[in-house]
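First up is the structure itself, then whatever we jot down about it.
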Amino acid sequence: MRTSQFFLSTLKEAPSEAELPSHKLMLRAGLIKKLGSGLYTWMPLGLRVLRKVEAIVREEMDKAGALELLMPAIQPAELWQESGRWAVFGPQMLKMKDRHERDFCFGPTHEEVITDIARSEIKSYKQLPLNFYQVQTKFRDEIRPRFGVMRAREFMMKDAYSFDVDAAGMAESYRKMHVAYSTIFTRLGLQFRAVKADSGAIGGDASQEFHVLADSGEDALAYCPTSDFAANVEAAEALAPAAPRAAASEALRDVDTPKQTTCEAVAALLDIPLQRTVKLIALVAGEQLQIVLLRGDHSLNEVKVGKLPGMADFRFASEEEIRAFFNCPPGFLGPVGIDRSRVRLIADRTVAAMSDFVVGANKPKFHTAGVNWGRDLPEADLVADVRNVVAGDASPDGKGVLEICRGIEVGHIFQLGTKYSQALSCNYLDAEGQLKPMEMGCYGIGVSRIVGAAIEQNFDEKGIKFSAAMAPFSVAIVPVGYQRSEAVKAAADALYAELKAQGVDVLLDDRDARPGSMFADMELIGIPHRVTVGDKSLAEGKVEYVARQDGNTELVAQADIVARLLGKLAQ
RNA sequence: CGGCGUGUAGCGCAGCCUGGUAGCGCACUUGCUUCGGGAGCAAGGGGUCGGAGGUUCGAAUCCUCUCACGCCGACCA
């Protein structure tokens, strides 16, 4: 491709709405253009990148035995009503009516449709196992779209669905997808990690997420450097402290905390470690107040709370509800001396093992110190793991200590079991003629998100640094004086023709622009290999090669440059 | 949805407080010069100042309403 025949639209300054480096760079490089909130056009340059990601995803899915199909983006409401998710999915689903007032949605995912296909097409165990996939535009009406294509409302997703005769078969399908996903992200040149995940709204048993590691990632990941344990923080178990609760050694006493409404402030005032304080979080579930106690430096894990008995649809208590029960404003709440018949007291495992701790006194401007279980208040009604793990916690596999890093979720694989096949009567006949529900799995990859995540992981002050696998063009030829020097033009054209003949995605910058702006553009859009052709080096029969990755420059004989480039591209 | 904040040329912004002929940089067009790191000079084109209503002789500027977008909190590939 020649730049004069292509469409480059680079910007020196990024539009102000962009926050993350990847978002700014994608706009500056002209990969995408915003149409509305969470809606982006993939411009010609960006589409080339997206297509390269898609191609790798397709190759590996095909290799893993999955079959591509394409389902409608618009789906009738009936299927969703049948699975019960029409109401459950909520406002995140874009709903619409046709001219006959029939309900439809723009598909946020395709479990219902694929299950409908399977139940009508698959009758016998002899047809199984099967894995169908598609690369499709999805729409989720995100509460807050942001970060460009990383959290867009309309986005490109690869979703696959496996159908097996039994749980062992499903586990094998799942394992194949795990392998395929690892291969895909490796081929894309990404640093990634597979972690244990919560299965969330989609449901099911086992599930793992694939994360591109990046400091700006929205998810916190817990991993153990000395074992293979890795989990999303929301799914990582916090073990109970190994040491038993120490005996009480302090007397119960009130302390003045005139303005200290947080554990941090109280700890600072009393000059004690934050780990000696306990905070109280008031929740409501089943019309009853639920009091959760957490150590001062820990944070509530809402996923874990939601899984406790009777807490499935919990919410945070309102300030009125808090005042009604405690007769005290938030900031000074404590578990000592409250009417335990009207509430349930849930203690985090860590708190249950504490002694001589500090909590609110249930009266404004006071906290209580030297609090001890059993002596000053009855034991908790429930001791459970309700906190997020923190760096330094023991690894749940008992093989070391956890560290925390951040990641961008680009893939998620689930073992669904029979959740959807039972809801939608997706059955087959086994060898004994028995009707059985199919065992399903589903596997998603955020194709458009990958582009953003990859840039978030690979950029410098000059712009994007695409891996060879994702770059819109593999090689950029920058002639200095293409319009002025016959020799330069002839050499550049010859190199261009030769690379094209070799099947290389090559971009020849034949604009009548100054070299500085051509260099800057090629660097901004992230072309991994650049060849500069100029009179100076041509006089010695050489051209200049620059690697975008490290900026290393070398003079290469004209006769050798094609072979050198082919060698680098093959790496 | 709640809490802020911003809407002025394609992009980045000033002007608004204190009403009086709409500006700057980049980008774009033309010409001359320049040509290995986002060139210089000169001349140009482009804006219903988000929208509606109001106050006023006069509104980008003041008031009311509205829409859009962005940031901070709960969802997810």
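Throughout, a chain's letter reflects where its sequence line sits, starting with A, and its residues are numbered from 1.
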- [ ] State which residue, out of A:Phe210, A:Phe192, A:Tyr443, fulfils the ring-ring contact (aromatic ring centres under 6.0 Å, His included) condition with A:Tyr181.
- [x]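 The single option meeting the ring-ring contact (aromatic ring centres under 6.0 Å, His included) with A:Tyr181 is A:Phe210.
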Open item on the list: Looking only at the side chains, is there a donor atom on one of A:His110 and A:Gln75 sitting less than 3.5 Å from an acceptor on the other?
Closed with: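 Yes, side-chain donor-acceptor contact under 3.5 Å.
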Open item on the list: Is a donor from one side chain sitting under 3.5 angstrom from an acceptor on the other, for A:Asp510 and A:Tyr496?
Closed with: no
If you measure from the [atom1] atom in [N] to the same atom in [M], how many Å do you get, rounded?
| N | M | atom1 | answer |
| --- | --- | --- | --- |
| B:C49 | B:U8 | C1' | 4 Å |
| B:A9 | B:G5 | C1' | 23 Å |
| B:G31 | B:C16 | P | 40 Å |
| B:U61 | B:A52 | P | 12 Å |

Salt bridge flag under 4.0 Å for residues [X] and [Y]:
| X | Y | answer |
| --- | --- | --- |
| A:Arg548 | A:Glu523 | no |
| A:Asp62 | A:Arg58 | no |
| A:Glu554 | A:Arg564 | yes |

Open item on the list: Determine whether a donor-acceptor pair (N or O, by modelled atom type, separation under 3.5 Å) exists between the side chain of A:Thr10 and the backbone of A:Leu8.
Closed with: no
Task: Under 3.5 Å donor-acceptor, A:Thr261 side chain and A:Gly331 backbone - done: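 Looks like no, no N/O pair under 3.5 Å.
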Integer-rounded Å distance: [N] [atom2] and [X] [atom1]:
| X | N | atom1 | atom2 | answer |
| --- | --- | --- | --- | --- |
| A:Gln134 | B:A77 | CD | P | 15 Å |
| A:Asp219 | B:A74 | CG | C1' | 14 Å |
| A:Glu302 | B:C76 | CD | P | 12 Å |
| A:Lys158 | B:C76 | NZ | C1' | 16 Å |
| A:Met157 | B:C76 | CE | C1' | 9 Å |
| A:Tyr40 | B:C69 | OH | P | 11 Å |
| A:Gln92 | B:A77 | CD | P | 9 Å |
| A:Leu8 | B:G10 | CG | C1' | 16 Å |

Show every donor-acceptor pair shorter than 3.5 Å between a side-chain atom in residues 280-293 of chain A and any protein atom, with sequence neighbours excluded, or say none if there are none.
| from | atom 1 | to | atom 2 | distance (Å) |
| --- | --- | --- | --- | --- |
| A:Gln290 | OE1 | A:Arg344 | NE | 2.8 |
| A:Gln290 | OE1 | A:Arg344 | NH2 | 3.2 |
| A:Gln290 | NE2 | A:Ala285 | O | 3.3 |

Task: side chain to side chain contact (heavy atoms under 4.5 Å, CB included), paired with A:Val447, selected from A:Val53, A:Val149, A:Asp159 - done: A:Val53
TODO: Test for a donor-acceptor pair under 3.5 Å between the base of B:G36 and the side chain of A:Glu544, counting only N and O atoms.
DONE: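 Result: at least one qualifying N/O pair found.
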Open item on the list: Should the side chain of A:Glu523 and the base of B:G37 be counted as holding a donor-acceptor pair, with the cut-off at 3.5 Å?
Closed with: yes
Open item on the list: So A:Arg511, base contact, sugar-phosphate only, or nothing? Heavy-atom distance under 4.0 Å.
Closed with: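 Since no nucleic acid heavy atom lies under 4.0 Å of A:Arg511, the category is nothing.
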Open item on the list: Classify A:Thr553 by what it touches in the nucleic acid, base, sugar-phosphate, or nothing, heavy-atom distance under 4.0 Å.
Closed with: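 It contacts nothing in the nucleic acid.
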Open item on the list: Both A:Lys536 and A:Pro145 contact RNA chain B. Which one's nearest nucleotide lies toward the 5' end?
Closed with: A:Lys536
Task: Heavy-atom protein contacts under 4.0 Å, nucleotides 1-9 of chain B, coded B base, S sugar-phosphate only, - none - done: B--------
Open item on the list: Each nucleotide in nucleotides 39-45 of chain B should get exactly one letter: B, S or -. Can you fill that in based on protein heavy atoms under 4.0 Å?
Closed with: B------
Open item on the list: Can you tell me if A:Gln483 has over 12 outside heavy atoms packed within less than 6.0 Å of its CD?
Closed with: yes
Look at the side-chain N and O atoms of [X] and state whether any lies under 4.0 Å from the OP1 or OP2 oxygen of [N].
| X | N | result |
| --- | --- | --- |
| A:Ser37 | B:G70 | yes |
| A:Arg146 | B:C72 | yes |
| A:Lys33 | B:G10 | no |
| A:Ser16 | B:G12 | yes |

